[in-house]
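In this chain, numbering begins with 1 at the start of the sequence shown. Order of appearance sets the numbers: ligands from 1, and atoms from 1 within every ligand.
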Amino acid sequence: MGFGWGIVGFGWVAQDHMAPALAATGHRLVAVTDPDPGARGRAAALGARTYADADALAADPAVEAIYVATPNHLHAEAVAAAARAGKPVLCEKPMAATLAAAEEMSRQVRRAGILYGTAFDQRHHPAHRALREAVMAGRIGRPTAIRILYACWVGPDWAETGRENWRIDPGKAGGGALIDLAPHGLDLVDFLVGEPLVEIRALLQQRVHGYPADDGGVLIGRTDSGILASLHVAYNCPERLPRRRLEIQGAAGLLTAIDTMGQDSGGRVDLQDADGRVASLNIRDAEISPFRAQAERFAEAVRGGDRSAFSLERDLHTMRLLDLAYRDAARSPNVSAAVAAGP
Ligand SMILES: NC(=O)c1ccc[n+]([C@@H]2O[C@H](COP(=O)([O-])OP(=O)(O)OC[C@H]3O[C@@H](n4cnc5c(N)ncnc54)[C@H](O)[C@@H]3O)[C@@H](O)[C@H]2O)c1
């Protein structure tokens with residue numbers, strides 16, 4: 001019998017990415033809770049039992065782990081239900097809408113002694129694993145900098161599911177483009193060079209859309225050993241423009257990943273040496289989706305295997321960086337004034 005999952009919040013990412021990944025892995029979608037009748041219907045059509053709330057779902061003996069994919073401000077209560085039931089939980093990024101909620105979540109996870117992981121699927125992307133191996137093997141020499149562009153278009157009426165656009169409501173999302181998109185980049189810095197940022201600065205904009213959340217941001221940071229990072233995240237970049245690019249610069253070369261950041265496998269990675277010669281990097285298991293690899297590794301960790309891909313303390317550090325970034329940006333002059341002034 002395949003590993004049994006319960007899902008809290010069966011919206012876009014759960015339906016389009018997690019459910020297909022579970023099917024590909026041979027895991028079972030056992031149970032779903034979601035207040036939306038359409039979502040419950042689609043879950044039932046896949047053979048899942050539907051429950052009124054996360055506590056009832058967590059009590060189902062066939063649920064071996066819980067995946068939380070609600071809007072951000074509801075992550076904490078779903079994780080608390082998993083903790084009460086003593087079930088392992090894989091929770092979507094960001095951990096919570098606020099640092100305080102993430103800290104409270106962490107206390108409950110520690111008290112219950114359950115396995116917790118934030119669903120940073122991009123550390124399971126085959127191209128990103130190849131990048132990490134290349135860095136660790138010294139193929140670019142001593143790493144000096146990481147540059148990330150991760151952007152998309154989220155207009156005021158955007159919603160993949162045709163429903164509520166909670167992403168542009170800071171009370172629910174915890175912010176805007178920065179809190180939605182930067183967690184992936186911050187986690188990738190740690191994954192790719194083996195050390196997290198320890199210092200961070202931020203500038204935000206509300207430049208194109210009229211909503212109350214940031215629609216763009218630039219972060220700069222530094223790791224303990226001195227690697228510099230810059231991240232540009234945005235909700236105001238047309239989807240057809242180049243918008244997913246990751247570079248790792250070293251003293252002896254440059255790694256460039258194009259169109260690898262996202263929910264699917266694919267994209268391209270090039271290695272350029274100090275003489276300028278460019279070669280594509282060989283990517284093992286290039287077709288395996290990050291969500292599938294993530295589900296497999298989480299189940300393996302639940303069953304006593306390698307847990308290194310999941311770390312509550314690491315994820316809490318990422319939440320602290322996000323909180324610092326928003327507090328740093330808040331010291332800048334009011335960005336709304338720039339929006340009112342126009343280009
Ligand atoms: N890892 C990734 O690449 C990735 C991609 C997209 C979204 N996400 C994250 O996944 C989460 C969900 O995003 P989405 O785009 O799927 O949102 P969505 O709005 O499409 O889906 C959210 C679902 O949660 C349901 N919901 C609301 N209240 C609930 C409750 N109390 N209990 C159970 N379900 C409830 C909604 O009805 C909806 O079906 C967010 O935290 C987001 O940041 C991650």
Inset, instruction - Give the single entry among E92, H17, H73, Q122 that approaches atom 10 (O) of ligand 1 most closely by any heavy atom. - result: E92
Legend entry - E77 N/O under 3.5 Å from ligand 1 N/O: no
Legend entry - More than 12 heavy atoms of other groups within 6.0 Å of R240 CZ: no
Inset, instruction - Please could you name the atoms of ligand 1 that T33 approaches to less than 4.0 Å, counting only its heavy atoms? - result: 33 (C), 34 (N)
Inset, instruction - Please state whether W166 comes within less than 4.0 angstrom of ligand 1, counting heavy atoms only. - result: yes
Inset, instruction - Assess whether atom CZ of R107 is packed by more than 12 heavy atoms of other residues, nucleotides or ligands within 6.0 Å. - result: yes
Inset, instruction - May I ask whether Q15 places a heavy atom under 4.0 Å from ligand 1? - result: no
Legend entry - The one among D180, N72, V13, D16 that brings a heavy atom closest to atom 40 (C) of ligand 1: N72
Legend entry - Nearest-0.5 Å distance that lies between atom CZ in R284 and atom CD in E287: 14.5 Å
Legend entry - Per-atom contacts, ligand 1 versus F10 - under 4.0 Å to a heavy atom: 39 (O)
Inset, instruction - Enumerate the atoms of ligand 1 whose separation from the nearest heavy atom of V8 is less than 4.0 angstrom. - result: 33 (C)
Inset, instruction - May I ask you to decide if the ring planes of F298 and W5 are parallel, tilted or perpendicular, using 30° and 60° as cut-offs? - result: tilted
Inset, instruction - Report yes or no: is the cationic atom of R28 (NZ for Lys, CZ for Arg) under 6.0 Å from the centre of the six-membered ring of F3, at an angle within 45° of the ring normal? - result: no
Legend entry - Greater than 12 external heavy atoms within 6.0 Å of R110's CZ: yes
Inset, instruction - Please confirm whether D36 comes within less than 3.5 Å of ligand 1 when only nitrogen or oxygen atoms on both sides are compared. - result: no
Inset, instruction - Indicate, as side chain, backbone, both or neither, the part of T70 found under 4.0 angstrom from ligand 1 when only non-hydrogen atoms are considered. - result: both
Inset, instruction - Could you see which bit of A119 sits under 4.0 Å from ligand 1, with heavy atoms only: side chain, backbone, both or neither? - result: backbone
Inset, instruction - Would you give the length of the straight line joining atom CD of E92 to atom CD1 of I7, rounded to the nearest 0.5 angstrom? - result: 10.0 Å
Legend entry - Check ion pair K93-D180 (N to O, under 4.0 angstrom): yes
Inset, instruction - Give the intermediate values and the outcome of side-chain contact (heavy atoms from CB on, under 4.5 Å) for residues D60 and Y51. - result: CA-CA 9 Å; D60 186 324; Y51 286 103; 2.6 Å; yes
Legend entry - Side chain, backbone, both or neither: H184 near ligand 1, heavy atoms under 4.0 Å: side chain
Legend entry - Any E164 heavy atom less than 4.0 Å from ligand 1: no
Legend entry - Heavy-atom proximity to atom 42 (C) of ligand 1, best of K93, M95, H75: K93
Legend entry - From CG (D259) to CZ (R244), nearest 0.5 Å: 4.5 Å
Legend entry - Options D34, D264, V68, ranked by nearest heavy atom to atom 37 (O) of ligand 1, top entry: D34
Legend entry - Between Y326 and D214: side-chain donor-acceptor atoms closer than 3.5 Å: yes
Inset, instruction - List every atom of ligand 1 that sits less than 4.0 Å from any heavy atom of D121, numbering the atoms from 1 in the order shown and giving each element. - result: 1 (N), 2 (C), 3 (O)
Inset, instruction - With heavy atoms of P71 as the reference, note each atom of ligand 1 found under 4.0 Å away. - result: 22 (C), 24 (O), 27 (C)
Legend entry - Heavy-atom gap R167 to ligand 1 smaller than 4.0 Å: yes
